[in-house]
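Below: the structure, in structure tokens.
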Amino acid sequence: MNKIKVLFIQEKKVKKGAIILSDLIENEVPDTYEFGHVSAKEDIIGKVAEFHPQIVFISNSKAYDIFELVQKIKELDSESVILAMVFTNFGSEREMMDKLTEMGVYKCYTSQLSVDSLIHDMFVSLNME
């Protein structure tokens, strides 16, 4: 079976040796996913086009406009499942979540995200469960 491609978009580059979400997912379901990471300082849309992820996980950041980013990703590949981490320090959490959902984001998370629920949602979003 081919691995599911997941791209994580975050504000900063991942530091070597840091425990990151993709590592936690890999520990729970080994050899299921192929992970890519891109930071705000890199060409995010270029990475999406190059990597062709089935799932895109975006962490909300002041370094980029999450709404514009979702729109561009959907224009590039309307089949990509987008998951978004929404932080309360960027305005009304509920309003952001509603708008992102209207734009085609599969699911929005807050700081209460658990690895188990994320893994479950990733499988369900691709009709694999």
Side-chain angles (χ1 to χ4, degrees):
M1 180 171 119
N2 291 335
K3 290 185 178 185
I4 299 164
K5 290 185 174 186
V6 180
L7 180 64
F8 287 92
I9 300 172
Q10 62 263 341
E11 184 172 356
K12 296 178 181 174
K13 219 172 186 157
V14 177
K15 294 180 182 178
K16 287 198 180 233
I19 296 175
I20 53 177
L21 195 51
S22 58
D23 292 340
L24 298 174
I25 294 168
E26 183 66 22
N27 285 338
E28 292 295 319
V29 282
D31 300 320
T32 303
Y33 300 98
E34 177 181 345
F35 298 104
H37 296 86
V38 63
S39 72
K41 292 185 178 183
E42 299 172 82
D43 178 9
I44 294 172
I45 297 304
K47 181 70 173 186
V48 172
E50 171 192 317
F51 190 63
H52 302 289
Q54 293 160 276
I55 299 173
V56 178
F57 186 92
I58 305 172
S59 290
N60 192 25
S61 168
K62 288 185 178 181
Y64 46 77
D65 181 329
I66 192 169
F67 302 111
E68 182 181 324
L69 193 52
V70 167
Q71 181 180 354
K72 286 180 178 180
I73 292 169
K74 283 297 189 180
E75 288 171 1
L76 188 63
D77 183 359
S78 63
E79 298 299 313
S80 286
V81 172
I82 300 176
L83 307 171
M85 175 66 79
V86 176
F87 300 105
T88 56
N89 59 337
F90 291 105
S92 169
E93 188 176 280
R94 178 77 287 165
E95 287 176 19
M96 285 189 76
M97 292 170 81
D98 289 345
K99 185 174 180 181
L100 289 167
T101 301
E102 287 173 17
M103 295 178 71
V105 170
Y106 180 77
K107 186 144 188 192
C108 295
Y109 302 93
T110 62
S111 59
Q112 314 313 323
L113 172 68
S114 77
V115 174
D116 289 338
S117 66
L118 178 59
I119 292 168
H120 175 265
D121 292 342
M122 291 190 323
F123 276 110
V124 171
S125 72
L126 296 174
N127 297 317
M128 297 179 70
E129 188 175 271

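Model, not experiment: these values are computed from the prediction.
Residues Ile55 and Tyr106 form no side-chain contact, since every pair of their non-hydrogen atoms from C-beta on lies 4.5 Å or further apart. Between Val6 and Ile25 the shortest side-chain heavy-atom distance does not fall below 4.5 Å.
In this structure, the salt bridge (charged side-chain N to carboxylate O under 4.0 Å, His left out) partners of Asp98, at least two apart in sequence or on a different chain, are Arg94. In this structure Asp77 satisfies the side chain to side chain contact (heavy atoms under 4.5 Å, CB included) test together with Glu79, Ser80, sequence neighbours excluded. Remark: Glu68 engages Asp65, Lys72 in a side chain to side chain contact (heavy atoms under 4.5 Å, CB included) (not counting sequence neighbours). With sequence neighbours excluded, no residue forms a side-chain hydrogen bond (donor to acceptor under 3.5 Å, both in side chains) with Ser125. Legend: residues meeting side-chain hydrogen bond (donor to acceptor under 3.5 Å, both in side chains) with Ser114, ordered by chain and number and at least two apart, are Ser117. Every side-chain hydrogen bond (donor to acceptor under 3.5 Å, both in side chains) that Lys107 has, sequence neighbours left out, goes to Asp121. Qualifying side-chain hydrogen bond (donor to acceptor under 3.5 Å, both in side chains) partners for Lys74, counting only residues two or more places apart in sequence or in other chains: none. Not counting sequence neighbours, the partners of Phe35 by the ring-ring contact (aromatic ring centres under 6.0 Å, His included) test are Phe8, Tyr33.
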Ile4 vs Met122, side chain to side chain contact (heavy atoms under 4.5 Å, CB included): CA-CA, chis, key distance, verdict | CA-CA 10 Å; Ile4 299 164; Met122 291 190 323; over 6 Å; no
Please walk me through it: do Lys3 and Asp31 pass side chain to side chain contact (heavy atoms under 4.5 Å, CB included)?
-> CA-CA 7 Å; Lys3 290 185 178 185; Asp31 300 320; 4.0 Å; yes
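From Lys5, atom NZ reaches atom CD of Glu34 across 5.0 Å, with rounding to the nearest 0.5 Å. From Ile82, atom CD1 reaches atom CD of Gln71 across 10.5 Å, with rounding to the nearest 0.5 Å. We find the CG-CE distance between Leu113 and Met85 to be 4.0 Å, quoted to the nearest 0.5 Å. The CD atom of Glu11 lies 14.0 Å from the CD1 atom of Ile58; values are rounded to the nearest 0.5 Å. Rounding to the nearest 0.5 Å gives a distance of 9.5 Å between CG of Leu21 and CD of Gln10. The OH atom of Tyr64 sits 5.5 Å away from the OG atom of Ser59 when rounded to the nearest 0.5 Å.
Other residues, nucleotides and ligands contribute at most 12 non-hydrogen atoms within 6.0 Å of the NZ atom of Lys99.
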Below 3.5 Å, can you tabulate the donor-acceptor pairs from side chains in residues 37-45 to any protein atom, sequence neighbours excluded?
unit_1	atom_1	unit_2	atom_2	d
His37	NE2	Ser22	OG	3.1
Ser39	OG	Glu42	OE2	2.9
Glu42	OE2	Ser39	N	2.8
Asp43	OD1	Gly46	N	3.0

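Under the side chain to side chain contact (heavy atoms under 4.5 Å, CB included) rule, Ile9 has a single partner from Ile66, Leu69, Asn60, which is Leu69.
Taking both residues in full, the closest heavy atoms of Val86 and Cys108 are given as CG2-CB, 4.1 Å, listed atom of the first, atom of the second, then distance.
Counting only residues at least two apart or on different chains, no salt bridge (Lys or Arg N to Asp or Glu O under 4.0 Å) pair has a member in residues 45-59.
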